[in-house]
Structures are given as structure tokens and as C-alpha cells.
Amino acid sequence: MSATVERVSAPRGPSAAPPSRRWSAVELVPPLAVVLLGAVLLAPGHGLWFDELFTAEVGRRSYAEILTAVVEGRGTTSYLADVPPSYNAPWYLVVHTWMSVPGLGGDTSLRALSLLATAGGLALVTRSVTRLTSRAAGVLAGLVLAVNPLLLEQAVEARPYGLALLATGGALLGLVRRLQEPPRGLLLFGLAGAGMGLAHWYALTVLAGFVAAALLLRGRRALPVALAGAAAALPAVGLVGVNLVNGNGDRNADWLPDTGGRLADLAVGAWAGGLAPLLALTVGLAVLGALRGTGVRVVGACWVVVPLVLLLLAEQLRPVYLPRYLLAGLLGLGVLAAVGALTVPRPARAPVAGFLVACSLVAAVPLFDRGPRERADDVVALLAERQRAGEPVVAADLRSATGLDHYVRTSAPQLRPDLVLPPDDARPPQERVWLVRQVVGGEVVPSDDDAILLDAGLRITAVYEFPASHTELVVQLWEA
């Protein structure tokens, strides 16, 4: 159908602005917005939490150590022996490269890597949507993504989702170039598509959506895109295969909730940050964008629908849902909503677009008030102030150990000779022992150290609590 070709290359209708293939500085507004908001979120300088601490621990290892741990299915240190790098191995290799640059080994720099990757992804998405539709639609789409609460939360954490967004933006731009100016764009699509799966293998569902869009728009002429997509998926499939062989194939399944078929509803609700007006507005405008959006409706619809359908099918076999896992696919929802806002009657476009961005900002406000997710840095600061040389500092569990190990290494190396990490237990007889442990559901997690210390005649004489939004830690001083 010739009409489908025209939808991609040039919009019709007297009110539609022509797609712009020339880059403009205004397209930098979305990436600059996410960097500014991210800098505000990072300003309090809260310490890393467990997932980020794991990134720091694995990322400081050599390339050979990381790859060996992945292949053998083991952890990189004693207390993480049963927690291998597994699926995020490419992210840890990137982190190691980043940390190898002088001055870039700190906590904030790890989070900055994710933020910069997110900004790059938004720049590529903005450019792609601009080429498909108009500059106004591209910039609005980028802004809607930049202020989204789910995206902002992940953009400032030292985890691989920013890298996945960067690769998704690159694959989208490669697809757009291929659709508009073949044979250009195919190499970019393939390389960035491989990066999507390696950054987070759930992003392969989005890559499948991009291939589906190309097939719908170009039919048999999209065969090179389909082949490139299939080749791009192979590295991630290989990584999954390695983890299946070494016994880590479903290691995260126990932590994932079964949505009972409500995966799509929950995902959209997470994208809206739980704000009902934003949820209704996003869904309504996305439907308009899918039905009336010039240039981008096929790509946008496949971007959203294909990943959700694939994950709903996968959920029949095992739980797969966490909001951040679906982030790459939910970007398409934001893009469709932005395009939909520009399909309403002309006098209402600016108010509707402004309301969409404003609602997203309102939904993101709680992020700016949140406290630390874990306070291992404060724990180490307390110990550095009060512990005396020779008094054991014992980590009772792997989460406590990860935080202690990191912050002793980076801010209190004088504690290192007295640090006891799992699987080692407390070392009585001692007159004073500092025991660091996790609190879950208001209860201190049991430890073998309790019996050892009690048998040695020690009792708890002081307790220091470190409440946080994700991992609550407590320091107990045991004395004879």
C-alpha cells in the first residue's frame, strides 16, 4: 500500500508539519531536562543501596574476573558467592571501563553514567520522532519521557536501565533511517539492537516490536531489518543460554510477583507513577496517537503492544513483572501520548501538551522528597567514629556485608583489619563486638553470630538504627 509508505516519509493534511531531517538545537531540550532533574535528585548525595553496591563491587573487578564469574555462575567475592553477575554482565563491563578513568570511581560518577546514558537515549528518541513526524512532536515526546517518574527514578541509579534506553534510542533512529533512506540505518539498527538485549534482555521485546513495525510498513522490503534484528538478538540469547547452563537461568524468578494477567495494567500504572489523572490522560492520548498520529503510529503501536503481548505470554510460564524491567517498552507509550496530544484541535494542543507534562512532573514530585534507600555509608561513619582498633566489626548477612565492604574501602580503610565478612562469623572471645545486620518487617534477621556471641558471654548494650526506604540496617554493640 503506497499510503503506508507515505505515513513514514511525509505526513498528509494541511495542519501537519513536515518531518524535519535537519537537526535543531531545540531537540536538546529533553536530554538537558533529564540531566537537570537528575542532578537535583542526586544533590542530597545519598549512599548506594544494594543493587548499586553490587554494581560497584562487580564493576571494580577486571574484565577477566567478571567474565569468569559469569561463565562459572559464581559471585565475585566470598559473601556474594551465590550471587553471580549473570544477566547484567555487559553492564558491569561498561562500568569497569568507566571506573578505569581517573576520577570516575565514586558513587556519584556511577549514577552519572546511568544519567548520561539516559540523556543520550532521549536525544536519539527525540531525533527519531522528529524525523517521523515533526519537530514539535519530537521535542514534546522527549519532554514527556524526561519528566516521567519511572524513567527519572531509574536514570539516577547505578544500574543498566540508562544503557538500555540509550541502545533503544539508537535502534529506533536506525530503524527510522532505514525506513526513510534505505539502505542507511541498518548497521545502526543492528548494533544498537544488540546493545538493547545486552543491556537488559527484556529490551529484546522492544526490538521485536521495531521489526514488526518495519514488516507492517515495508512488507518484504523489510526482510533486511528482520534479519538484522534476529542477528542483534543472538548475543543476548547467548548470554541467557550461558546462565541456563550454569544454573542461574531463573535465579530472579522468586522475587517477581505474578500479576494474574494484569501485567499491562500494572505497567501503565507504574509509568504514571500511580497518579490517576496522568494514567487516564496517557492512555487516552496514546490511543489518539495510535489512531491518528501521522508518521509514528505504526512504530509507536508496535513499540508498546508487541512487548506487552510477549511478556504476557511469558508470564504463563513464570513471573516476569517488575516496572523497571518494562521501561524500554513503556517509552513507546509516552511517545504515543505526546503525538496524541498534537492530534487534538489546534487551539487545545498547547494546553493538552502542557497538562501532560505538568501531570508527569507532579507524579515525579515524591522522588525529590525521598530519603536514602540504604544507609551503609552512615553505618560506616558511625563505626569509624566509635569503634576502637581491635574490636571486630561483623557483617551478619550479605546485604550488610556489601555495604560495609564498599564504604570501608572508600571512606574508612582503618576499619579493614577488624572487618569480618560472611561466611566468617564473629571471633570471640572479645570484650566488644560490633554486629551489623538487616531488619526486615521490623524484625532483625537471625544470624549464627547471635549464638556465638551469647555463648561467649556477650550481651547487647547499645543499638543504633538506620531506617531507610529499601534496606533497613541496625548496628548492635555486644559487650561482656
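Everything numeric here is computed off the predicted structure, so don't read it as measured data.
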### Query
Checking side chain to side chain contact (heavy atoms under 4.5 Å, CB included) for the pair V380/T410: CA distance, chi angles, key distance, verdict?
CA-CA 10 Å; V380 171; T410 59; over 6 Å; no
### Message
Donor-acceptor check, side chain of R218 to backbone of L179, threshold 3.5 angstrom: yes or no?
### Response
yes
### Task
Locate the shortest heavy-atom distance separating A301 from L336; write the atom from each residue and the value.
N-CD1, 3.9 Å
### Query
F210 vs W303 aromatic rings, parallel, tilted or perpendicular, using cut-offs 30° and 60°?
perpendicular
### Query
Taking atom types as modelled, is there a side-chain donor on E315 or T259 under 3.5 Å from an acceptor on the other?
yes
### Summary
In short, P85 meets V58 closest at the heavy-atom pair CG-CG1, 4.1 Å
### Query
Passes side chain to side chain contact (heavy atoms under 4.5 Å, CB included), T282 versus L356? Steps please.
CA-CA 8 Å; T282 299; L356 177 61; 4.1 Å; yes
### Summary
For A264, the side-chain contact (heavy atoms from CB on, under 4.5 Å) test, sequence neighbours excluded, returns L308
#### Entry: Any donor-acceptor pair under 3.5 Å from T343 side chain to R292 backbone
no
#### Entry: N/O donor-acceptor pair under 3.5 Å between R135 side chain and T130 backbone
no
### Separation between CG of D377 and CZ of F466, rounded to the nearest 0.5 Å
9.5 Å
### Query
Do the side chain of E374 and the main chain of F50 share a donor and acceptor less than 3.5 angstrom apart?
yes
#### Entry: Pair listing, salt bridge (charged side-chain N to carboxylate O under 4.0 Å, His left out) test, anchored in residues 97-115, at least two apart
E52-R111
### Under 3.5 Å donor-acceptor, S62 side chain and E65 backbone
yes
Using a 3.5 Å cut-off and no angle test, enumerate the donor-acceptor pairs between side-chain atoms of residues 146-157 and protein atoms at least two apart in sequence or in another chain.
unit_1 : atom_1 : unit_2 : atom_2 : d
N148   : OD1    : L150   : N      : 3.0
N148   : OD1    : L151   : N      : 3.2
N148   : ND2    : W271   : O      : 2.6
Q154   : OE1    : R159   : NH2    : 2.9
E157   : OE1    : W49    : NE1    : 3.3
E157   : OE1    : R159   : NE     : 3.2
E157   : OE1    : R159   : NH2    : 2.8
E157   : OE1    : R373   : NH1    : 3.4
E157   : OE2    : R373   : NH1    : 2.7

### Task
List the atom of C302, the atom of P307, and the distance in Å for their closest heavy-atom pair.
O-CD, 3.4 Å
### Task
Might you work through the ring pair (Phe, Tyr, Trp, His ring centres under 6.0 Å) test for Y63 and H96, ending with a clear yes or no?
CA-CA 7 Å; Y63 297 120; H96 177 77; 4.5 Å; yes
### Query
What is the ring orientation for H200 with Y325, classed by angle as parallel under 30°, tilted 30 to 60°, or perpendicular over 60°?
tilted
### Query
When you look at L327 and Y202, which way does the side chain to side chain contact (heavy atoms under 4.5 Å, CB included) test go after all the steps?
CA-CA 9 Å; L327 182 56; Y202 275 48; over 6 Å; no
### Message
Treating Y321 as the side-chain partner and L311 as the backbone partner, does any N or O pair qualify as donor plus acceptor under 3.5 Å?
### Response
no
### Query
What is the minimum heavy-atom distance between L367 and L41, and which atoms define it?
O-CD2, 3.4 Å
### Task
For the residue pair E57 and T402, confirm or rule out a side-chain donor-acceptor distance under 3.5 Å.
no
### Query
Going from CH2 on W98 to CG on L116, what distance comes out if it is rounded to the nearest 0.5 angstrom?
5.5 Å
### Message
For the residue pair Y161 / T118, report whether a side-chain donor-acceptor contact shorter than 3.5 Å exists.
### Response
no
### Message
Please find the pair of heavy atoms, one from A341 and one from L140, that lie closest to each other, and give the distance.
### Response
CB-CD2, 4.1 Å
### Message
For a quick test of reading the model, state the closest non-hydrogen atom pair linking V439 to G442 and the distance between them.
### Response
CG1-C, 3.7 Å
### Task
Begin with the C-alpha distance, continue with both residues' side-chain angles, and end with the deciding distance and a verdict on side chain to side chain contact (heavy atoms under 4.5 Å, CB included) for F189 and V211.
CA-CA 10 Å; F189 177 76; V211 170; 4.0 Å; yes
